[in-house]
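Inspection log for the structure reproduced underneath, given as structure tokens.
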Amino acid sequence: MTTSPAPPSAFRQILAHSATRNLAAGVLMIAVVGIAVAALFNILSETSWEDIRAAFGRIGIVNLAASVALTALSYLVLTGYDVLALRSIGRKVPYRTAALASFTSYIFSHNFGFAVLTGGLARYRIYRRKGLSLGEVAQVIALAGITFWFGVFLMLGIALIAIPGVFAQEGWQVPYRYQALGGSVILAGLVGYLVLLHFRAGRPVRLFGWSLVLPTVGLALGQFALAMIDITLATAALFVLVPGLDLASFPAVLVGYITAFVSGLITHAPGGVGVFEAVMLVALHDINRATLFAALLVYRFIYYLLPLAVGLILFALHEARGRHHQARATQPRNEKPA
């Protein structure tokens, strides 16, 4: 299904409306980041900076190389979000275009927050040159978001059933029967979604004034698998930076990572700064805090800042190439006849 093209002014109106609507959220975000940073310093109050510096020295070259490789794989898998979304709405776009749109949009939204204004703008500027309308770009954004969130819910549901005391905190924990019940409800909801797709796949639904084409069951299962692989790789990129952890600790780190990452997304804090680190330190209280905090700082550079530099360069090159092609296309019309 295709939607009628929307003029660039329509997207600017949406951005302006989103900016106005998110002004209060921005103020709240600043307050939340301030509180998170204060909480972070409180959590680290008994940890000396000498211990943190020593922890940096224990992260070896092999650990750094493994983290970089896993980060690259995570972002490679992440490009599949847009590939599946484009297939779901029936648009054929070269993989390199989908990869660039996905990579830059997630890089910008991860680091700057407010995904509609940052990642959404990047996707629109890249996809519009391939003929996608505003409505189609909105569908890609929505379906990519659904892919991530369903992956989060699937892994969380499995963890709640498979790992008793998964959210235990220093003597306090949810009774397993309630924990398992919560996990069962989450998984039942996902099964219900697949049943819905069995009967309504390919049909558009109206959400907040937009038309969204539901994926097939096969594409939905691909979304689940893709998100699980992406989240696992992103967690592994941090896991290898913490010396001394064995594989038995990975499920706890995975659940802590999901909780911290989602907390950062909810607050719209740029890169989840402060929020991500504070939640990780609380969730993984059994790991030495100096060791974990040093790993978190290195991880922020590898997973956030390094890809951001690459993304900014790629996006700038794309914009420059687009302006060059546009100038060449309009040049003959501006020439005066001899």
Side-chain angles (χ1 to χ4, degrees), residues 1-3 69-107 109-110 115 119-120 122-123 126-127 130 132 135-162 183 186-205 207 210-237 251 254-255 257-258 261-262 265 307:
M1 173 183 175
T2 59
T3 55
L70 289 166
T71 295
L73 286 174
S74 174
Y75 279 105
L76 178 63
V77 171
L78 202 63
T79 64
Y81 285 25
D82 280 39
V83 172
L84 289 183
L86 289 164
R87 184 176 300 178
S88 180
I89 66 174
R91 290 304 303 261
K92 293 183 178 180
V93 173
Y95 172 73
R96 63 180 181 275
T97 301
L100 177 64
S102 180
F103 178 68
T104 55
S105 65
Y106 281 113
I107 283 298
S109 60
H110 282 174
R123 273 194 175 101
I126 292 171
Y127 282 136
K130 294 300 179 180
L132 270 69
E136 289 170 331
V137 174
Q139 289 186 70
V140 171
I141 294 172
L143 288 169
I146 288 172
T147 299
F148 170 77
W149 283 107
F150 279 0
V152 167
F153 285 130
L154 178 58
M155 299 187 81
L156 184 59
I158 294 173
L160 287 172
I161 295 174
I186 292 173
L187 295 181
L190 295 177
V191 171
Y193 171 70
L194 293 176
V195 172
L196 173 65
L197 294 184
H198 177 73
F199 294 101
R200 294 189 59 86
R203 301 180 186 177
V205 295
L207 292 174
W210 293 95
S211 179
L212 178 66
V213 178
L214 293 176
T216 64
V217 173
L219 282 177
L221 292 175
Q223 288 177 317
F224 290 163
L226 203 63
M228 291 180 67
I229 294 171
D230 167 44
I231 295 170
T232 301
L233 288 171
T235 304
L254 178 62
V255 173
Y257 181 92
I258 293 174
F261 191 82
V262 170
L265 289 178

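Residue numbers count from 1 along this sequence.
Applying the side-chain contact (heavy atoms from CB on, under 4.5 Å) rule to M155 yields the partners M228, I231, T232, L254, I258; only residues at least two apart in sequence or on another chain are considered. By the side-chain contact (heavy atoms from CB on, under 4.5 Å) test, A237 is found to be paired with S67, L70, T71, Y299, residues two or more places apart in sequence or in another chain being considered. Scored by the ring pair (Phe, Tyr, Trp, His ring centres under 6.0 Å) test, Y81 finds Y106 as partners (sequence neighbours excluded). In terms of the side-chain contact (heavy atoms from CB on, under 4.5 Å) criterion, residue partners of L156 (sequence neighbours excluded) are, by chain and number, L160, F167, I186. With sequence neighbours left out, T147 forms a side-chain hydrogen bond (donor to acceptor under 3.5 Å, both in side chains) with Q223. Residues that satisfy the ring pair (Phe, Tyr, Trp, His ring centres under 6.0 Å) test with F224, not counting sequence neighbours, are F150. Residues satisfying the salt bridge (Lys or Arg N to Asp or Glu O under 4.0 Å) criterion with D230, sequence neighbours excluded, are absent altogether. Judged as a side-chain contact (heavy atoms from CB on, under 4.5 Å), and not counting sequence neighbours, the contacts of L196 are R200.
Atom-to-atom distance recorded for Q139:CD and L214:CG is 10.0 Å, nearest 0.5 angstrom. For the atom pair W149 CH2 and L154 CG, the distance stands at 14.5 Å (nearest 0.5 Å).
Pairing each heavy atom of A85 with each of A144, the nearest pair is CB-N, 4.4 Å. Between A98 and V83, the closest heavy-atom pair is CB-CG2, 4.2 Å. When all heavy atoms of P215 and L143 are compared, the pair lying nearest together is CD-CD2, 4.2 Å. Smallest separation of non-hydrogen atoms from Y127 and V140: CE1-CG1, 4.1 Å. G222 approaches L84 most closely through the heavy-atom pair C-CD1, 3.7 Å. Contact record, A101 with S105: O-OG, 2.8 Å, taken as the closest heavy-atom pair.
Counting heavy atoms from C-beta outward, F261 and T235 have side chains that stay 4.5 Å or more apart. Under the 4.5 Å side-chain criterion, counting only non-hydrogen atoms from C-beta, L233 is in contact with I229. Between Y75 and T79, the closest side-chain pair of non-hydrogen atoms is not below 4.5 Å. T216 has its side chain out of reach of L197: every pair of non-hydrogen atoms, C-beta onward, lies at least 4.5 Å apart. When side chains are defined from C-beta on, L187 counts as touching I161, because their heavy atoms get closer than 4.5 Å.
Listed by first and then second residue, the salt bridge (Lys or Arg N to Asp or Glu O under 4.0 Å) pairs involving residues 78-88 are D82-R123 (not counting sequence neighbours).
The backbone N or O of L78 sits less than 3.5 Å from a side-chain atom of S102, completing a donor-acceptor pair.
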